[in-house]
Amino acid sequence: MEIRLHPDLLSSMDNGNFAATLEAHGLYNTFQFVLRLSPAVHRKLAELPVGIVTNHEVGFERTQAFSTYLHETIHWWQHVGSTYGLILSLTYPSQAHANYTHLKELLQKVGFQKSVRELALALPGPSTIENISGLANRIVNNHFDFGAFRALTHDANSAKAVVHDPLFESIGHAHQIAYGNNVLVLAATADPDFKVLQHPKEWEEPFHALNNEKEKGFYFGSRVELWGIGAREIFEGQACFAQMQYLAFASGGNLDLNDFKALGMLHGVYEVAFNAFLKATQLERPSSVIHPTVGLFLLVCDMAINPGSGFPHRIWPHYHSFITDTDPGARFLMLATVVRLKCPTVVTAIQHYSREEYIAVTEELAHHSLNDSPLAIAVTCSDWTKEGAPFRGLVEEHRLFRFKPGNMPIRVLFSHFLSFMRDKLKTPEFFCWPGAWMAGERVSEQASELFDRHSALFMDKEDDDGIFPRLVPGRDASVVQEVFDSFYAINLTYDMTDQWIRRPGPFTYNYRWLSQSASHGDIKGFADSHFETIYGVRPDAVQTFAY
């Protein structure tokens, strides 16, 4: 049959406007944890038959719609199924947890004032560990360091902006604070005795030594080295090329890179990482999206966003390389360079998108780059869930979707990460090259089951406003709804904590993405109620800063 791509069904991710599903065909939001699809895509997906069918049976428009769903699902996987993605996703919860005790103390000493950053700037005299100025500055600096980690690893523009902020100390400090506090939160959630996680206090002396020795990147005033590429470009490149592979296999190989580029699917941020990969490896640009070079590119993306240092493995003895060991952009360029300098045979190694090829190439690249292989990381995380292991209980909570009280969002995200790692250990090829395994001759019931099992937890619907939990067979609908309500109540408190610390003026309630039909009063009441439960004060009682 004639293959015709419909531009109205192509994915168009807009990082700046996550809620505008009528203007973009698929969206995923990092800190709302929501996957959104346009009404057009929803309608086409609703027309798909149940079970495994050929692409010829469903028609190419529906295949395109599913490719958009696949693209955005990959964004969910990146955030909840990779080690960097989990660390990134946890920075908002950890940001609030790290300052909770300090904020409660500040409330007791000076009352409910906003913002804390303005208060810290206005208080007279030196800042010491004993006085209010020191307390306010500790809150502001803690809060800033999480944001600095996000900005430094996201892309070059956000990295450049944060290094010029007067609160910025060093890249190594931001990485240490983000990783250390995330590990502490995970330990408090399910490993309080640090049976498997490395206690961050073990890092303090080695990082302090790097600071004293003026190791580049680890002291105030150190020269800042940026990579020109970050997680944003890697995430978008990985999702876009996997989506194009899916469409190419669905078309029987009749679509090439020029076809996708001519239709506006391959442009801007979607090809930055691939172009950087070609430049670093010095490989020629292939014409086909199912060429081994593209398969290798997707594998390098997978490795780049799955560091092992600090989590789940120990940092020792590689403290001096902690920045480049954990920054996705640095890892991506390093791995691509290793391909050129030390592993030329891997260039043509990926022919069948098999488990054997995945293992062979990742092990070779990991060996020559002195990094943990993705499967070594997956083995560690899977061992954590064995009978008698610290995180075994989280596996059962995830299966039933019945989570113990305390740290709800963290329990939800981490349990899904552990489930993802268990399946990745068994079938890494599926998660590295999903487009190759969900269309064409490789389509299978197993691939369909894996995709369903790891689809996003929270989505929108075609005819309803707001977002909804995805119902899964075997899970009680009322229990799922309870988890959903608790998850987002706490999530809004994280945002309001962020406002309290760094934004001047009254609290704002820009939460219409949660429900368009609910009134402003309903949304405000929902957010205020949980904030009061956590901090013991009503947001309306805040005194906006007027010094």
Side-chain angles (χ1 to χ4, degrees), residues 5-18 20-21 23-30 35-38 41 63-79 82 84-85 153-158 227-251 255-281 283-291 293-302 304-305 328-329 332-333 336 432-436 438-439:
L5 288 176
H6 293 258
D8 286 347
L9 289 174
L10 296 176
S11 177
S12 177
M13 184 72 171
D14 179 358
N15 288 321
N17 192 0
F18 296 109
T21 53
E23 299 174 13
H25 302 294
L27 305 170
Y28 178 80
N29 183 280
T30 300
L35 189 155
R36 297 181 184 273
L37 300 170
S38 74
V41 172
T63 301
Q64 281 184 250
F66 186 82
S67 80
T68 299
Y69 184 28
L70 172 63
H71 179 116
E72 306 311 335
T73 298
I74 290 170
H75 285 313
W76 162 249
W77 292 352
Q78 290 161 344
H79 286 84
S82 73
Y84 166 76
T153 57
H154 184 252
D155 64 22
N157 290 333
S158 61
W227 316 109
I229 186 172
R232 176 174 178 254
E233 291 85 3
I234 297 168
F235 280 177
E236 291 292 12
Q238 185 183 33
C240 183
F241 275 78
Q243 179 186 9
M244 290 189 298
Q245 278 201 339
Y246 172 83
L247 290 169
F249 281 112
S251 72
L255 296 170
D256 60 27
L257 282 173
N258 288 334
D259 292 324
F260 292 118
K261 194 168 184 67
L263 284 151
M265 191 173 179
L266 186 60
H267 63 88
V269 69
Y270 298 104
E271 61 178 345
V272 169
F274 188 62
N275 289 339
F277 174 78
L278 295 178
K279 182 178 179 180
T281 57
L283 294 174
E284 292 185 2
R285 186 181 184 88
S287 60
S288 170
V289 76
I290 57 179
H291 191 276
T293 295
V294 177
L296 181 61
F297 164 70
L298 289 171
L299 181 145
V300 167
C301 288
D302 178 77
I305 63 174
F332 179 87
L333 294 176
C432 185
W433 304 296
M438 298 198 71

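Along the sequence shown, residues carry numbers from 1. Only this structure's heavy atoms are used, side chains among them; waters, hydrogens and symmetry mates stay out.
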From CA spacing to verdict: side-chain contact (heavy atoms from CB on, under 4.5 Å), Met244, Leu257: CA-CA 8 Å; Met244 290 189 298; Leu257 282 173; 4.0 Å; yes

Minimum heavy-atom separation for [X] to [Y], with atom names?
X: Asp256; Y: Ser288; result: CB-CA, 4.4 Å
X: Tyr270; Y: Phe241; result: O-CE1, 3.7 Å
X: Pro328; Y: Ile234; result: O-CD1, 3.5 Å
X: Leu266; Y: Cys240; result: CD1-SG, 4.3 Å
X: Leu333; Y: Trp227; result: CD1-O, 3.5 Å
X: Leu255; Y: Leu247; result: CD1-O, 3.8 Å

Donor-acceptor contact below 3.5 Å, side chain Gln245 vs main chain Val289: yes

Polar side-chain atom of Trp433 near backbone of Gly295 as donor-acceptor pair, under 3.5 Å: yes

Going from [atom1] on [X] to [atom2] on [Y], what distance comes out if it is rounded to the nearest 0.5 angstrom?
X: His75; Y: Leu70; atom1: NE2; atom2: CG; value: 10.0 Å
X: Gln64; Y: Met265; atom1: CD; atom2: CE; value: 8.0 Å
X: Cys301; Y: Leu298; atom1: SG; atom2: CG; value: 6.0 Å

Steps toward side-chain contact (heavy atoms from CB on, under 4.5 Å) verdict (Thr63, Tyr246): CA-CA 9 Å; Thr63 301; Tyr246 172 83; 3.5 Å; yes

Worked verdict on Asn275 versus Arg285 for side-chain contact (heavy atoms from CB on, under 4.5 Å): CA-CA 8 Å; Asn275 289 339; Arg285 186 181 184 88; 3.1 Å; yes

Close side-chain approach of Glu271 and Glu236, heavy atoms under 4.5 Å: no

Validation row, ring centre His79 to ring centre Phe235 under 6.0 Å: yes

Mutual orientation of the aromatic rings belonging to Phe332 and Phe277 [parallel < 30°, tilted 30-60°, perpendicular > 60°]: tilted

Whether Phe66 and Tyr69 hold their rings parallel, tilted or perpendicular, with breakpoints at 30° and 60°: perpendicular

Other residues, nucleotides, ligands: >12 heavy atoms within 6.0 Å of Lys279 NZ: no

Candidate pair Gln238 and Ile305, rule side-chain contact (heavy atoms from CB on, under 4.5 Å), full reasoning: CA-CA 10 Å; Gln238 185 183 33; Ile305 63 174; 3.7 Å; yes

